[in-house]
Structures are given as structure tokens and as C-alpha cells.
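Below: the structure, in C-alpha cells.
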Amino acid sequence: MFRTIDKLDVKGKRVLVRSDLNVPAKDGKVTDTTRIDRSAATLTELAAKGAKVIVLTHFGRPKGREDKYSQKLLVEPLSKAVGKPVAWADDCIGPEAETLIAAMKDGDIALLENVRFHPDEEQNGFDFAKTLAGLGDVYVNDAFSTAHRAHASTEGLARLLPAAAGRLMQAELEALGKALEHPEKPVAAIVGGAKVSTKLDLLGNLVARVDYLIIGGGMANTFLFAQGKSVGRSLCEKEMADTAREILEKAKAAKCHIVLPTDAVVAAEFAENAPSRVVSVDAVPDDMMILDAGPASAEAVIDRLGGCKTLVWNGPFGAFEIKPFDAATNAVAQWAAERTRQGRLLTVAGGGDTVSALAKAGVEDKFSYVSTAGGAFLEWLEGKELPGVAALHVKPESGGCMCAGH
Ligand code: AMP
């Protein structure tokens, strides 16, 4: 359970908002303003309610103060996104920030310099967090994507000031809650991507929570190999075969049905438009590699999902970056998008490559929710408690909460 900004009294208050404005930039110019644009809603809502809105964020991975990581380049796109001039201070603590904030009027918005210019930010230093807290009356965390880090501006502040989730954080927590914590059943998860070894915790958590675990991508090869099949020159972590068998056992005990491909698209090389053919997973030639799930497998996945109410998705079915090995990912993604449109399936997806795979399939904005939070989304799928979210939890008796926490 976490508090939202609905329950905060912000009029005339200095509200410290932790956003994630860590956008891509080149030659001192922001090249993609998506994160800034999405963050604007919380800032403008607070400003409209009469708050003095003070934005904290990080940009890149500076080691102390490094000019190339200055956030000054964000002022212009942020001003555009919030529809008013955004004031700027060259440091997130100290006299310049204090003077700027003292001069703010209700409804003003200011951006402070990179919190990571201070090493104590990432160490969650108490004195640093306290100094930051001294600049505000209330704290709003709108940066789910950094919530897996216990830093001063993502966790420490929530312990020092009245705290609430911003609208982006709220949307993410609500979507994730509906997908795994209290989903409509049956619930399925698709886990694809390259390797089992990078998704062990995730697989372990999901088998305990979902009715169907659909495995795709390179990691499916490891499972097929663990079942005694020959996978030719496919990407395969042979040393993970025991682990794969343990996951299959764990799934059986948890009554989670594992769905593996039955046919595969194979090619002799990992290259765009490499000659390919469809084979049974029992007949993968020694000199070929599996680069996608086959059409019968995609059909079987769709059949299975037809009986489900909820789908959580991380990782593609194949090497989606190169044609024609994006076919299974596209077919399932487009079907799931249509099912979502019909209101018959809740679809939540996320994690680096998944967002680009869904964008490539043309359905990025047709799922119920696509998380761009990367590492934080994956840690949540792994069932880990995210410190930035945990710090926003409130006891039921303290009021002003809503039930959507993780
Ligand atoms: P991940 O970051 O773990 O979600 O993995 C995504 C990557 O897995 C993408 O770059 C895909 O090209 C790759 N991938 C998926 N299936 C295969 C496969 N059968 N063989 C090789 N790479 C694959």
C-alpha cells in the first residue's frame, strides 16, 4: 500500500519530486524526450495545485562533478514539456539551490543539478539526504526506474519527509500489481531472450506465481537441450542444463505448466535474411542454429493464451532484430494486442529488449502497460522488494493509501 499525491496537501509547499529524466543525449542535445514528456504530468499537476515543484534527477553515471553530465541541457525540453519556464540551480544542495528555492512562487517549477555529482547520493548518506530534505516540505517519488536502488533521492528522502508516489510511479505500481500480485487468472508469463543464466531469479519467481510459463528465445534451447534434444549450433548454455531441469521440477510442484517450442526456424548463420527453414525441435540439424520459434509453436502459444486473462511478457521469442527471425514475436505480440483491445486480456510487458521488440511489432502502445523501467522492472519480476517502493509504503491505519503496493 502506498500513498499517492491525491492525499498530499501541497499548496504553498516545497515539493521535492524525484523524476527519472536520464534521457539519451548527443553533442549536448537531448535526442529522445520521451521520459521528460512522460514525467511532466506529475510536475504540472503539483504546480497547478500551488506547489513549489523542485525536480531532482540523475543524468548518466558521473564520478563526482563532471561537466559532461550536467543536467542544464534538460531545462529547455523540460520547460517545453511542462509549458512554462523551468528555473535552474547549478547544484542540488548548497547556497545556489537554497536561494533559488527561497525565491520560488507557488506553481513555479525548478530543476536542480545532477544528484549524482555528490557521491553520497548513491551511498544513501544520511547527512546528504538530510540536507536535501531541508530544501523541501514534502517528497514525491515518480521514478520507478530507479526504485531498485536505495539512493538518497530515491529512498533516503522518503524516510525524512512525508512521501507519496507520483503519477508515473503510481501507474507502474498499479499495472504491475494487476499483472502479478492480484491478477485475474489464469495468468501466463512469456519469458524469452538470450540466456537462462541472466533470468534465473525471474524464472524461479514466475513458476511460483503463474499458471503457464511460456519459454522462448535462446533460453528455450537450453531447456530443449536439458530434455535431451540436440540443438545443433544454437545459442545454448549447456552448463545450465541441471538448473533448467530444476526449474522444470519446481514448476511441476507448483502446478505451473511450462510451454516450450515444438518447432523452430533454423539457419546456418545469424544474419539478416539468412536462408532458413522450419524444423521440429526433435530434428535440428547439427550445422544449423535455432533463431526463432516456429509457426506451430507461435500458434500453440496463442491457443494457450486464448484461455488466459493476464499476460506478463519479458524477452523475445527469437532474434527479433533480424528478419525473418522476428516472426513468432510479432505474431504473438499482435495477437495479444488485439486481445487487449477487445478487453479480454490484460497485457503487461517490459525489460530492455522487450520494449524494442514490441515497438518493432507495432504494438508498443497497444498493450495494457509497457514498462520502460529496465532493471527495476526485471527486479520486480524476480520478486524482489524495491527499496524506493518499500519506502513509500504506509501502514493501513495511517490513512490516505491505496492498495496497489508490491
Ligand atoms: P534478453 O536481453 O535476455 O531479453 O535477450 C534478447 C536477445 O536475445 C535479443 O538480442 C535476441 O536477438 C536474442 N535471442 C532471442 N532468441 C535467440 C536465439 N534463438 N538465438 C540467439 N539469440 C536470440
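Atoms within each ligand, like the ligands themselves, are counted from 1 in listed order. Remember, predicted model here, so these are calculated numbers, not experimental data. Atoms considered below: every heavy atom in the structure, side chains included; atoms not considered: hydrogens, waters and symmetry mates.
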N or O contacts of ligand 1 with protein under 3.5 Å, please list pair by pair.
{"unit_1": "ligand 1", "atom_1": "2 (O)", "unit_2": "Asp353", "atom_2": "OD2", "d": "3.1"}
{"unit_1": "ligand 1", "atom_1": "3 (O)", "unit_2": "Ala194", "atom_2": "N", "d": "3.2"}
{"unit_1": "ligand 1", "atom_1": "3 (O)", "unit_2": "Lys199", "atom_2": "NZ", "d": "3.4"}
{"unit_1": "ligand 1", "atom_1": "4 (O)", "unit_2": "Lys199", "atom_2": "NZ", "d": "3.0"}
{"unit_1": "ligand 1", "atom_1": "5 (O)", "unit_2": "Ala194", "atom_2": "N", "d": "3.0"}
{"unit_1": "ligand 1", "atom_1": "8 (O)", "unit_2": "Ala194", "atom_2": "N", "d": "3.3"}
{"unit_1": "ligand 1", "atom_1": "10 (O)", "unit_2": "Glu321", "atom_2": "OE2", "d": "2.4"}
{"unit_1": "ligand 1", "atom_1": "12 (O)", "unit_2": "Glu321", "atom_2": "OE1", "d": "2.6"}
{"unit_1": "ligand 1", "atom_1": "12 (O)", "unit_2": "Glu321", "atom_2": "OE2", "d": "3.4"}
{"unit_1": "ligand 1", "atom_1": "16 (N)", "unit_2": "Gly218", "atom_2": "N", "d": "3.1"}
{"unit_1": "ligand 1", "atom_1": "19 (N)", "unit_2": "Ile290", "atom_2": "O", "d": "2.9"}

Ala81 and Ala40: which non-hydrogen atoms are nearest, and at how many Å?
O-CB, 3.6 Å

Regarding Thr154 and Arg149, do their side chains bring together a donor and an acceptor under 3.5 Å, going by distance alone?
no

Review item, side-chain donor-acceptor pairs of residues 282-295, under 3.5 Å, at least two apart:
{"unit_1": "Asp282", "atom_1": "OD1", "unit_2": "Lys229", "atom_2": "NZ", "d": "2.9"}
{"unit_1": "Asp292", "atom_1": "OD2", "unit_2": "Ala327", "atom_2": "N", "d": "3.3"}
{"unit_1": "Asp292", "atom_1": "OD2", "unit_2": "Ala328", "atom_2": "N", "d": "3.0"}

Run the side chain to side chain donor-acceptor pair (under 3.5 Å) check on Gln170 and Thr4 step by step: do they pass?
CA-CA 7 Å; Gln170 179 184 348; Thr4 71; 4.6 Å; no

Val86 backbone acceptor or donor facing Ser79 side chain under 3.5 Å:
yes

Can you tell whether the side chains of Glu246 and Lys250 come within less than 4.0 Å, N to carboxylate O?
no

